[in-house]
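First comes the structure, then the notes that go with it.
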Amino acid sequence: MNEKILFESMNAIDDEILLRSEIAIIKQPSYIPRKRHLRLSAILIAATLAALLMGAGLVAILKGDNIQNWFAHYWEVITGQEMSAKQTALIDHLSQEIGLSQTIDGVIVTVDSATVGMDCFYLLIRVEGLKLSNRQFYGFRQMDMRVSPDPIEELGGIGSYGLRFHGIDGDGSAILLIDYDYVTKKGVVEDTRPLDITITLDDFCKDPLNDYRDVLIKGTWEFSFTLKRNEIPQQISLSDAYINLIDLDKKEQYTEVPILFTDILLTNTGLQFIYDYENGRFAFDHHVDIILTNGETIGVSGGSGVPLKENGLLFCSYKWVIPVDLEEVAAVRIGETVISVN
Amino acid sequence: MEDTSILELYWQRDENAIVETEQKYGAYCRSIAYNILHDIYDSEECVNDTWLQTWNSIPPSRPNVLRLFLARITRNLSINRYHEKHAGKRGGSQTDLVLEELAECLADYRDVEQIYEARALGEYIAQFVRSLPEREANLFVRRYFYAESVSVIGKHYEMTDNHVIVSLSRTRKKLKHHLEQEGYFHE
């Protein structure tokens, strides 16, 4: 019992120290040429989504037979409404079938389909052949993904990918989504060359991020395929805005300072902006989301920031959890600041 | 919505306070509960209990940092639920591992409960964490406040699992020493 009391006593740790530990794990500008990792947000979003699914009683009827249907289902879960015809058409327009499967010890892993943006893509993964519980999280112990041509090697910058468990489909298979995005030191770059992708997924596990993860099937599933990238997403430039950022120089007291955000660009797949981060003095710790014309919101799956070579400003890029038709967007919200989309 | 506005809703006894809190901090609290409970349903129930307890606590409380106020309630409720569900069944879970590591710091002592009641232990812990270098303190609170796994901490701070384990082990030894120095813990 003593250790429980000690655990509870941790509540007395100073707010400033707890906040500092949170700030330290927020994606900060980095000069590291490449960063590849599973994101914590994968847990947060998966937990949120799973809770939403349970609340809505929808776990048994997940529709992940292709990425378009998955996004349509996800849209309903998030917004409580069916996708509009335009929104559906947008997802169709950006999506392509892959249909590659590999079986190890009766467990079939399929890279089903992809939705591709200018500097990001999403892949739908299905895992079949095991009896899985919708009370648990599943995933792979380790994942590696190679992209060629690699925009980070060519232009410099930072990129990341995440593998998220999204629940159990009606047929008992696990649905996972890989999302990949990058931001370059050249800022926004339109590139329509196809991407050669290689993915390796090691050991399918229950609770993969737990130190006591339970490996259900050992093995390595490997996939190689090409993604077409010939659809340039819609873009809208937004007006500059002041956003409150945390001043890390004020260690004694939690302090926010308004900083001007410029070059704010909204696309179907994400949001980009630039600000002067004063070499890491100002930390960005805000929700970023879209406010739709019907009042519902769409959040981000993750984001990255990279200092621009020429002026030392920070260029940031965030990706929506679902690509969005811009005609249905009323505003973008960064923290408490709402920027209208005209 | 700004935290100050959310707090004002609580003070006005406006139930939108809970809606706004859920919207802003729901995912955050769920992740804390899930780190401890590793069960989606239990985590969701704990977070719902967090909203109720917050509603009952504000007023009179007026927290300086709302997210941490919620975090503390969530982890308290989660650890209590964890103990209810795992009474007599120890070992094998992430949370057991965190608790066992903490037990190392207290292995020779029996009067922790008494000290805790005197509200001294919390202050000793806070004092100890203040004394740590920033990175070491960050690792310590991610593990023992947020109950994150070693591998997640390693990913956040770009360290190997082994490096995290060694660092945490050193910090626990320091904590044990710190608690010994306080003198309250002699048998």
Side-chain angles (χ1 to χ4, degrees), chain A residues 1-26 30 32 35 37-41 43-55 134-137 141 167 206-214 244 251 254 287 297 299 335-336, chain B residues 1-2 24 26-28 30-31 34 38-41 43-44 47 64-65 68 71-72 75-76 79 83 92-94 97-103 105-106 109-110 112-113 116 119 121-126 129-130 134-135 137-138 141-142 144-147 149-152 155-158 161:
Chain A
M1 197 47 140
N2 278 352
E3 62 270 22
K4 177 174 176 276
I5 291 165
L6 189 50
F7 184 85
E8 288 170 351
S9 299
M10 300 290 163
N11 280 339
I13 294 171
D14 301 343
D15 285 356
E16 290 72 22
I17 291 173
L18 295 172
L19 285 172
R20 192 179 66 192
S21 86
E22 292 191 0
I23 290 165
I25 63 170
I26 297 164
S30 169
I32 299 166
K35 191 172 170 185
H37 56 81
L38 293 170
R39 301 187 188 111
L40 177 66
S41 60
I43 306 172
L44 303 184
I45 292 173
T48 307
L49 178 63
L52 285 166
L53 292 173
M54 287 183 301
N134 62 16
R135 289 185 69 106
Q136 298 291 339
F137 284 102
R141 183 182 57 77
K206 187 169 79 179
D207 236 354
L209 294 176
N210 190 328
D211 289 340
Y212 279 134
R213 66 176 75 84
D214 187 1
N244 283 337
K251 293 187 189 305
Y254 182 81
H287 289 289
T297 58
E336 306 298 333
Chain B
M1 183 180 279
E2 298 274 5
K24 190 166 182 182
Y28 172 72
R30 270 182 209 102
S31 73
Y34 187 79
H38 286 276
D39 183 293
I40 299 168
Y41 289 81
S43 304
E44 188 61 20
V47 171
N64 289 329
V65 183
L68 296 178
R72 290 182 172 104
R75 69 192 293 281
N76 282 353
I79 196 69
H83 276 275
S93 80
Q94 166 78 30
L97 190 58
V98 170
L99 293 174
E100 281 163 19
E101 289 170 9
L102 286 174
C105 308
L106 298 164
Y109 309 110
R110 290 179 182 165
V112 175
E113 202 149 358
Y116 180 70
R119 296 180 183 277
L121 184 57
E123 181 47 38
Y124 295 147
I125 299 288
V129 178
R130 271 179 227 132
E134 182 171 330
R135 191 175 177 84
N138 285 344
V141 301
R142 296 319 301 177
Y144 302 114
F145 185 89
Y146 293 99
S149 73
V150 166
S151 50
V152 166
K155 284 185 176 83
H156 284 155
Y157 293 99
E158 295 177 341
D161 288 6

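Below, chains carry the letters A, B, ... as their sequence lines are ordered, and counting in each starts from 1. FYI, side chains are in, hydrogens and waters are out, and symmetry mates aren't considered; it's all heavy atoms of this structure.
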Rounded to the nearest 0.5 Å, how far apart are [atom1] of [X] and [atom2] of [Y]?
| X | Y | atom1 | atom2 | value |
| --- | --- | --- | --- | --- |
| A:Met10 | B:Ile125 | CE | CD1 | 4.5 Å |
| A:Leu6 | B:Glu101 | CG | CD | 11.5 Å |
| A:Phe7 | B:Ile79 | CZ | CD1 | 4.5 Å |

Part of B:Val98 within contact of chain A (heavy atom distance under 4.5 Å):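 Looking at B:Val98, just its side chain touches chain A.
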
Measuring heavy-atom distances to chain A, does B:Leu68 have an atom under 4.5 Å in its side chain, in its backbone, in both, or in neither?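 Answer is side chain: those atoms of B:Leu68 sit under 4.5 Å from chain A.
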
Between B:Asn64, B:Val141, B:Val47, who has the most heavy-atom pairs with chain A when the cutoff is under 4.5 Å?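 Most pairs with chain A among the choices: B:Val141.
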
Give the intermediate values and the outcome of salt bridge (charged side-chain N to carboxylate O under 4.0 Å, His left out) for residues B:Arg130 and A:Glu16. CA-CA 10 Å; B:Arg130 271 179 227 132; A:Glu16 290 72 22; over 6 Å; no

Which heavy-atom pair separates A:Ala12 from B:Ala126 by the least distance, and what is that distance?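 Answer, listing the atom of A:Ala12 first, then B:Ala126: O-CB, 3.3 Å.
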
Does a side-chain heavy-atom distance below 4.5 Å link B:Tyr146 with A:Ser21?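 A side-chain contact under 4.5 Å exists here.
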
Validation row: B:Val65, A:Leu19 side chains within 4.5 angstrom (heavy atoms):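 Touching, per the 4.5 Å side-chain cut-off.
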
Taking only residues two or more places apart in sequence, or in another chain, which ones meet A:Asn11 in a side chain to side chain contact (heavy atoms under 4.5 Å, CB included)?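 A:Asn11 satisfies side chain to side chain contact (heavy atoms under 4.5 Å, CB included) with B:Arg72, B:Arg75, B:Asn76, B:Phe145 once adjacent residues are dropped.
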
